[in-house]
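No hydrogens, no waters, no symmetry mates; every other heavy atom, side chains included, goes into these values.
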Amino acid sequence: MIDEEVFFQPSGKKFKLSQFRNQNTFFFIFVLVFLISFGYFFYLQLFLKEKYLTIEKNIKTITYFIFSPRGKIFDRQGKILADSIPTFDVYVDLNKVRDLPFEPKGRFFYRGNQLIIRDVDQNTALNLMIKKIDGVEIVPSFKRIYLGNEEIGNLIGYVGFPSEEETKYYQEEFVGKAGIELSYQDYLRGSLGEIVYERKNQNFKKVKEINPEAGKNLVLTLDFEFQKKAYELIKNYLDENNYKNAAFIALNPNNGEIISLISYPSYDPNIFLENSEKVSQILKDKNQPLFNRVISGLYVPGSTIKLIVAAGALEEKIIDPETKIYSRGEIRIPHPYVPGTYSIFRDNKIHGWTDIYKAIADSVNVYFYVVGGGYPYNDLETHPPGLKIKGLGIDLLNKYWRLFNLGQKSGIDLLGEKEGFLPSPETKAKNLFDPYWRLGDTYNVSIGQGDILVTPLQIALWTSAFATNKIYRPFLVKKIIDENGKIIFERKPKILKENLIKEENLKIIQKGMRMTITQGTAKILNDLPIEVAGKSGTPEIFGKKKLNAIFTGYFPYENPEIVMTLLIEEVPLGSVATLPLYKDLVEAYILGRKTLP
């Protein structure tokens with residue numbers, strides 16, 4: 001065995017043998033790599049130089065792409081919301097141009113030996129044309145512009161450059177990144193044009209030019225003037241009251257057309273093409289301007305869910321219009337193992353004798369505790385006396401939730417829609433800390449508390465159901481047309497659900513919704529010049545420490561033409577926080593009503 005430590009003479013310095021080996025190995029590898037590289041370089045110069053020069057001389061063509069103008073987006077009145085304006089792209093041959101004759105301000109890319117600079121302003125492009133620099137080509141192009149600002153951001157969306165995963169697009173191509181721009185990207189994109197140059201001796205000559213084909217145009221169901229006014233009202237109201245976030249949707253219950261859709265705060269889509277600093281601010285904003293609360297926000301529905309509970313109770317004959325329950329302001333459930341101890345489920349006040357109409361209008365919790373979960377004890381005061389009200393129970397509650405399209409997507413033509421969450425004994429069994437479903441859980445979900453989650457869009461859809469006994473698929477794009485006005489696609493209304501409940505039961509609930517305005521929780525709306533029917537909601541959030549505010553309704557009462565649903569996050573006083581703003585929104589719609597076909 002060789003000793004790991006040896007002496008090398010004459011210096012007498014001690015080395016590790018392994019260290020000596022490593023140094024010699026490194027030197028050997030270095031020399032070997034040098035010799036191989038030198039040999040390969042000599043081989044290229046001697047044998048392949050002429051070959052590559054020949055290949056370069058044999059390059060026949062150079063192709064430049066011309067990106068097409070994206071399709072226009074119109075509102076229902078024909079007002080342009082998104083358009084494309086002419087601009088220029090600059091292609092620089094880096095083999096010929098070492099120093100750029102201008103400072104690029106737009107986004108630039110590399111493709112082979114080409115530097116591609118997008119969205120060059122007209123003055124710069126004109127100067128480059130005059131100079132006629134060899135290796136610099138000016139190509140006509142287009143830039144997206146929006147004729148609205150924050151009021152359309154979360155609905156229209158914006159464009160940007162493709163991510164690494166979007167491989168079917170060119171890296172320098174603008175593509176839809178959110179909203180309508182993303183959902184209808186394939187229609188709006190159009191087809192690319194190209195300019196082809198062919199080598200003639202030492203020069204290139206243009207031999208082909210194909211103009212780009214514009215994208216298809218979209219005609220929306222949106223009324224821009226109302227959208228703009230509604231956004232202004234929401235913004236001013238939230239600023240005045242120091243509220244931060246809201247969601248609003250207005251749709252036609254007779255066909256599913258969306259007249260207005262606002263998620264607040266929003267953003268100006270033009271910023272994404274002009275101001276990277278403001279884009280950074282948007283991305284960092286804790287109020288999430290890019291988040292569409294109407295279709296993606298998940299909220300506890302509060303008392304708005306009582307409409308569905310009432311429908312189920314009437315359909316299952318658990319109660320009828322004559323049934324009355326006495327509300328003492330709370331309901332007590334005895335503890336099964338500790339005598340004299342109760343679980344207490346409270347109301348907002350003592351309501352006294354309550355029928356279905358008053359229960360809806362005044363949002364009486366005790367009434368819905370009983371019809372939702374039942375009351376298995378003898379001390380419940382009812383009329384007629386001595387009624388044993390078994391309640392719907394959680395299985396039937398789930399049946400009616402799903403009947404009214406909860407827990408499922410509607411199919412709206414925007415990406416990002418959430419289906420919500422419907423609690424049940426099966427879902428609670430997955431909770432390791434409390435896996436058992438109790439009567440109190442049924443009571444909570446019967447008044448829209450607990451684990452149930454819905455979107456504002458879903459609230460609007462079940463409101464539509466109580467307006468017309470139908471639910472249509474909501475949509476924003478009504479027509480797709482080409483640049484000559486030819487209709488490529490026209491959407492027909494699609495019924496998702498109809499005849500959800502018996503007409504006599506529908507009339508009962510509608511009457512209760514109208515009484516909400518005439519004598520119930522939303523009397524502030526009673527002096528409007530049009531009859532509104534609706535339901536308020538005050539869901540408790542963050543462990544009952546904060547409240548959201550919801551009001552949803554339709555009008556005119558006798559002949560519904562529009563549903564409006566408004567939600568404001570984190571308010572001090574519950575649903576009353578929505579009512580002044582809701583009233584302003586209704587009035588704004590009425591003023592512009594003559595413009596809505």
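- Checked against the 6.0 Å centroid threshold, Y589 and F555 count as a close aromatic pair.
- Of the listed residues (Y264, F226, F224), just one forms a ring-ring contact (aromatic ring centres under 6.0 Å, His included) with Y231, and that residue is Y264.
- You'll find the ring centres of Y158 and Y146 outside the 6.0 Å limit.
- Side-chain N/O atoms of T552 and T463 include a donor and acceptor closer than 3.5 Å.
- Minimum heavy-atom separation, P423 to I394: O-CD1, 3.8 Å.
- With 3.5 Å as the limit, one finds no donor-acceptor pair spanning the side chains of E417 and T455.
- E316 has a carboxylate O that lies under 4.0 Å from a charged side-chain N of K399, or vice versa, which qualifies the two as a salt bridge.
- Separating the NZ atom in K478 from the OG1 atom in T221 is a distance of 8.0 Å, to the nearest 0.5 Å.
- For the side-chain hydrogen bond (donor to acceptor under 3.5 Å, both in side chains) with S536, the qualifying choice from D362, T521, T516 is T521, the only one to do so.
- A 4.5 Å side-chain heavy-atom check between L573 and L547 finds every atom pair outside the cut-off.
- You'll find the side chain of D413 stays beyond 4.5 Å of the side chain of S183, heavy atoms only.
- Listed here is the closest heavy atom pair of S263 and F291: OG-O, 3.0 Å.
- Residues I180 and L414 are in side-chain contact: their nearest non-hydrogen atoms beyond the backbone lie under 4.5 Å apart.
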For this session: Mind running ring pair (Phe, Tyr, Trp, His ring centres under 6.0 Å) on F466 and F404 for me, showing each step along the way?
Result: CA-CA 10 Å; F466 289 111; F404 283 86; 4.9 Å; yes
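- Here OG of S410 is found 11.5 Å from CD of E419. Values are rounded to the nearest 0.5 Å.
- Between K583 and D527, at least one side-chain N (NZ, or NE/NH1/NH2) sits under 4.0 Å from a carboxylate O, which counts as a salt bridge.
- Residues E570 and N245 bring no donor and acceptor atom of their side chains to less than 3.5 Å of each other.
- Side-chain N/O atoms of T354 and S327 include no donor and acceptor closer than 3.5 Å.
- Ion pairing of R346 with E330 is present here, as a side-chain N (NZ or NE/NH1/NH2) and a carboxylate O approach within less than 4.0 Å.
- Here the CD1 atom belonging to I318 is positioned 10.5 Å from the OG1 atom belonging to T323, to the nearest 0.5 angstrom.
- Applying the ring-ring contact (aromatic ring centres under 6.0 Å, His included) rule to Y443 yields the partners F345, Y369; only residues at least two apart in sequence or on another chain are considered.
- Nearest heavy-atom pair across V364 and K358 is CG2-O, 3.9 Å.
- Counting heavy atoms from C-beta outward, P556 and E558 have side chains that stay 4.5 Å or more apart.
- Between K278 and D268 there is no salt bridge, since no side-chain nitrogen of the basic residue lies less than 4.0 Å from a carboxylate oxygen of the acidic one.
- Taking the side chain as every heavy atom from C-beta outward, K511 and Y557 approach each other to under 4.5 Å.
- Two residues are said to be in side-chain contact when any heavy atoms from C-beta on lie closer than 4.5 Å; E225 and K79 meet this criterion.
- Under the 3.5 Å distance criterion, with hydrogens and angles disregarded, no donor-acceptor pair is assigned to the side chains of N254 and K470.
- The closest side-chain heavy-atom distance from I550 to Y299 is not below 4.5 Å.
- The environment of NZ in K479 is sparse: at most 12 heavy-atom neighbours from other residues, nucleotides or ligands sit within 6.0 Å.
- Proximity of the aromatic rings of F272 and Y267 is defined here by a centroid distance below 6.0 angstrom, and this criterion is met.
- Counting heavy-atom neighbours within 6.0 Å of I350 CD1, excluding the residue itself, gives a total of 12 or less.
- Ion pairing of E166 with K177 is present here, as a side-chain N (NZ or NE/NH1/NH2) and a carboxylate O approach within less than 4.0 Å.
- No side-chain N or O of R514 forms a donor-acceptor pair with one of Q519 less than 3.5 Å apart.
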Under 3.5 Å, sequence neighbours excluded: what are the donor-acceptor pairs made by side chains of residues 494-503?
from : atom 1 : to   : atom 2 : distance (Å)
K497 : NZ     : R402 : O      : 2.9
K497 : NZ     : L403 : O      : 3.1
E503 : OE2    : N469 : ND2    : 3.2

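- Among all heavy-atom pairs drawn from M515 and Y357, the shortest one is SD-CB, 3.6 Å.
- Heavy atoms only, all atoms of each residue included: D75 and V219 are closest at O-CG1, 4.0 Å.
- R76 has a carboxylate O that lies under 4.0 Å from a charged side-chain N of E257, or vice versa, which qualifies the two as a salt bridge.
- Smallest separation of non-hydrogen atoms from V300 and G450: CG2-O, 4.0 Å.
- Looking at heavy atoms from C-beta onward, V586 lies out of side-chain contact with L525 at the 4.5 angstrom threshold.
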